[in-house]
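The basis for the numbers below is simple: all heavy atoms, side chains too, and nothing from hydrogens, waters or symmetry mates.
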Amino acid sequence: MKKIRGILWMLCLAACVCFCMPQKAYAKAGDGAGIAVNVHTFRDGWLGSKADGTMINNGQMPTALCMEAEGRPEGVGGGVAYQVNLSGYGWLDPVSDGRETGSMEDAMLESVKVWLTGEMEQKYDVYVRVFQNGSWTGWSKNGEKAGTDGVGTHIDGVCVSLTDKDAGEPGAAAAAGSLGAVSMGAFDPSRPMIALTFDDGPKASVTNRVLAALESVGGRATFFMVGSNVGSNADCVRRMVADGCQVGNHNWNHENLTKETKSETVSTVTRTNDAIEAACGVRPVVMRPPYGAVDAASKVTLGELGMAAVIWNVDTLDWKTRNAQNTVTHILNNVKDGDIILMHDIYDATATAVEAVVPALVARGYQLVTVSGLAAARGGMVPGGLYGRFRP
Ligand code: ZN
């Protein structure tokens with residue numbers, strides 16, 4: 001019996017005290033603490049530890065999970081405990097601090113509870129939500145159940161986030177780790193916001209000017225990088241992450257997704273993600289298809305890779321005009337709340353345009369946010385989705 005074997009597996013795993021292997025925390029609490037989560041799916045096994053706030057949903061049913069506190073200050077004791085409701089079995093015994101719970105077989109999770117222990121409990125709140133019936137639930141706090149159990153409705157995804165005690169629900173800024181494990185910083189989801197995006201780089205002489213312009217106003221942007229440019233510009237990539245910008249994928253050598261076979265896309269996109277992660281520790285979850293070319297098959301492939309496709313709705317044509325004033329004028333004449341604006345950080349004229357337009361946009365009241373930040377404030381993204389703007 002598959003399910004019996006699953007239970008035996010679980011008991012064995014619990015007895016062996018298997019730990020997840022978290023990579024890096026992009027934390028939510030003010031001091032940098034977070035909860036890293038690893039999810040097991042029947043087809044792909046363990047997906048790997050994901051940072052605090054990541055909306056983990058690769059389109060397959062989770063069957064098991066584990067969590068671990070990450071990045072907390074020295075001397076803060078305690079940890080994180082969690083409990084899952086497994087279809088056909090009900091609530092399993094709670095486990096904590098990296099121990100796996102669930103099934104290695106195909107039994108489905110229906111709901112999840114997460115809470116803190118010891119000093120962690122005194123210092124922070126923990127929130128969990130699940131993807132179920134086609135959407136993300138609201139946040140459940142400090143041991144409250146997330147998801148509906150007992151009616152055979154499985155969950156498709158899970159997201160866990162730590163906050164400072166009594167700081168309130170992870171807001172748009174917090175949830176911005178969604179499909180983009182990057183700390184997005186604080187912004188006000190009720191105010192206008194746009195996502196500046198830069199393709200085809202990085203190119204140090206241009207990208208560093210763009211980053212400096214953003215730094216001067218505390219703005220963020222998203223960089224869709226050509227994988228083959230990454231290794232020689234790793235300092236730029238690390239500076240993006242340090243600034244709270246989002247790293248994105250623009251394929252290894254600017255290949256058109258619709259002209260690649262599925263296995264070619266898996267190879268070139270994965271190679272690019274690997275290069276970016278090696279440079280900065282963050283694995284991209286957003287893809288800008290070169291030429292904006294994406295079809296049904298490539299969306300499916302991106303979904304299987306856990307990525308969303310992000311195009312744009314304001315095209316500056318900076319690559320064509322190479323004229324800074326044209327780019328500035330085009331943006332200021334067209335920009336609206338929720339826009340995704342396309343530029344290329346490989347032209348000097350684009351850097352000049354950014355130096356002018358960034359303060360002008362801020363003066364008009366726009367918050368400069370990442371794609372995932374914008375998405376989180378406006379309904380979110382799912383792997384395999386295609387997005388061109390996020391209107392309020
Ligand atoms: Zn491009």
Where the side chain of [X] meets the backbone of [Y], is there a donor-acceptor pair that is under 3.5 Å apart?
X: Arg389; Y: Gly338; answer: no
X: Asp243; Y: Cys245; answer: no
X: Gln122; Y: Met120; answer: no
X: Thr222; Y: Thr370; answer: no
X: Asp339; Y: Ile341; answer: no
X: Arg72; Y: Gly78; answer: yes
X: Asn256; Y: Thr258; answer: yes
X: Ser298; Y: Asp295; answer: yes
X: Gln246; Y: Ala221; answer: no

Assess, by modelled atom type and distance only, whether the side chains of [X] and [Y] contain a donor and an acceptor separated by less than 3.5 Å.
X: Asn38; Y: Ser49; result: no
X: Arg209; Y: Thr352; result: yes
X: Thr268; Y: Glu264; result: no
X: Arg239; Y: Asn208; result: yes
X: Asp318; Y: Thr327; result: no
X: Asp199; Y: His344; result: no
X: Glu110; Y: Thr153; result: no

Verdict with reasoning, Arg322 to Asp348, per salt bridge (charged side-chain N to carboxylate O under 4.0 Å, His left out): CA-CA 8 Å; Arg322 316 274 179 98; Asp348 291 334; over 6 Å; no
Verdict with reasoning, Val282 to Ile276, per side-chain contact (heavy atoms from CB on, under 4.5 Å): CA-CA 7 Å; Val282 180; Ile276 293 170; 5.8 Å; no
Stepwise salt bridge (charged side-chain N to carboxylate O under 4.0 Å, His left out) test for Glu144 and Arg129: CA-CA 10 Å; Glu144 293 170 356; Arg129 59 179 166 173; over 6 Å; no
Pair Glu105-Thr63, side-chain contact (heavy atoms from CB on, under 4.5 Å): steps then yes or no: CA-CA 7 Å; Glu105 298 287 350; Thr63 67; over 6 Å; no
[X] with [Y], same ILVMFWY side-chain cluster at under 4.5 Å:
X: Val286; Y: Val226; answer: no
X: Met343; Y: Trp319; answer: no
X: Met240; Y: Ile346; answer: no
X: Ile331; Y: Val362; answer: yes
X: Trp252; Y: Val247; answer: no

Sequence neighbours excluded - salt bridge (charged side-chain N to carboxylate O under 4.0 Å, His left out) pairs with any residue from residues 363-388: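 Sorted result for residues 363-388: Asp337-Arg378.
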Shortest non-hydrogen separation from [X] to [Y] and the atoms involved:
X: Val328; Y: Ala356; value: CG2-CB, 4.0 Å
X: Val237; Y: Pro202; value: CG2-CG, 4.0 Å
X: Asp345; Y: Thr207; value: OD2-OG1, 2.8 Å
X: Trp115; Y: Pro94; value: CH2-CB, 3.6 Å
X: Val382; Y: Tyr387; value: N-OH, 2.8 Å
X: Tyr89; Y: Ala107; value: CE1-CB, 4.4 Å

Side-chain heavy-atom pair [X], [Y] within 4.5 angstrom cut-off:
X: Leu257; Y: Met287; answer: yes
X: Val126; Y: Val114; answer: yes
X: Ser87; Y: His154; answer: no
X: Phe224; Y: Pro284; answer: no
X: Arg283; Y: Met307; answer: no
X: Lys203; Y: Tyr347; answer: no
X: Asn85; Y: Lys145; answer: no
X: Val354; Y: Phe198; answer: yes

Quick one: [atom1] on [X] to [atom2] on [Y], what's the gap to the nearest 0.5 Å?
X: Thr272; Y: Asn229; atom1: OG1; atom2: CG; answer: 10.0 Å
X: Met67; Y: Ser96; atom1: CE; atom2: OG; answer: 11.5 Å
X: Ser228; Y: Arg271; atom1: OG; atom2: CZ; answer: 8.0 Å
X: Thr148; Y: Ile155; atom1: OG1; atom2: CD1; answer: 11.0 Å
X: Cys236; Y: Met225; atom1: SG; atom2: CE; answer: 9.5 Å
X: Leu116; Y: Leu162; atom1: CG; atom2: CG; answer: 6.0 Å

Salt bridge (charged side-chain N to carboxylate O under 4.0 Å, His left out) evaluation trace for Lys165 with Asp125: CA-CA 5 Å; Lys165 193 80 185 167; Asp125 291 320; 3.1 Å; yes
Derivation and outcome, side-chain contact (heavy atoms from CB on, under 4.5 Å), residues Asn326 and His330: CA-CA 6 Å; Asn326 274 19; His330 187 86; over 6 Å; no
Close aromatic pair by centroid cut-off 6.0 Å: Phe223 and His250: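 No, ring centres 6.0 Å or more apart.
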Residues, nucleotides or ligands: over 12 heavy atoms within 6.0 Å of Asn333 CG: yes
Side chain to side chain contact (heavy atoms under 4.5 Å, CB included) involving Asp235 - partner list, sequence neighbours excluded: Arg238
Aromatic Trp91 / basic Lys113 pairing, under 6.0 angstrom, 45° off normal: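 Yes, Lys113 and Trp91 form such a contact.
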Audit row: Thr265, Asn251, side-chain contact (heavy atoms from CB on, under 4.5 Å) steps and yes/no: CA-CA 8 Å; Thr265 293; Asn251 224 349; 5.8 Å; no
Pair Lys123 + Asp164: basic N to acidic O under 4.0 Å: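 Asp164 and Lys123: not salt-bridged.
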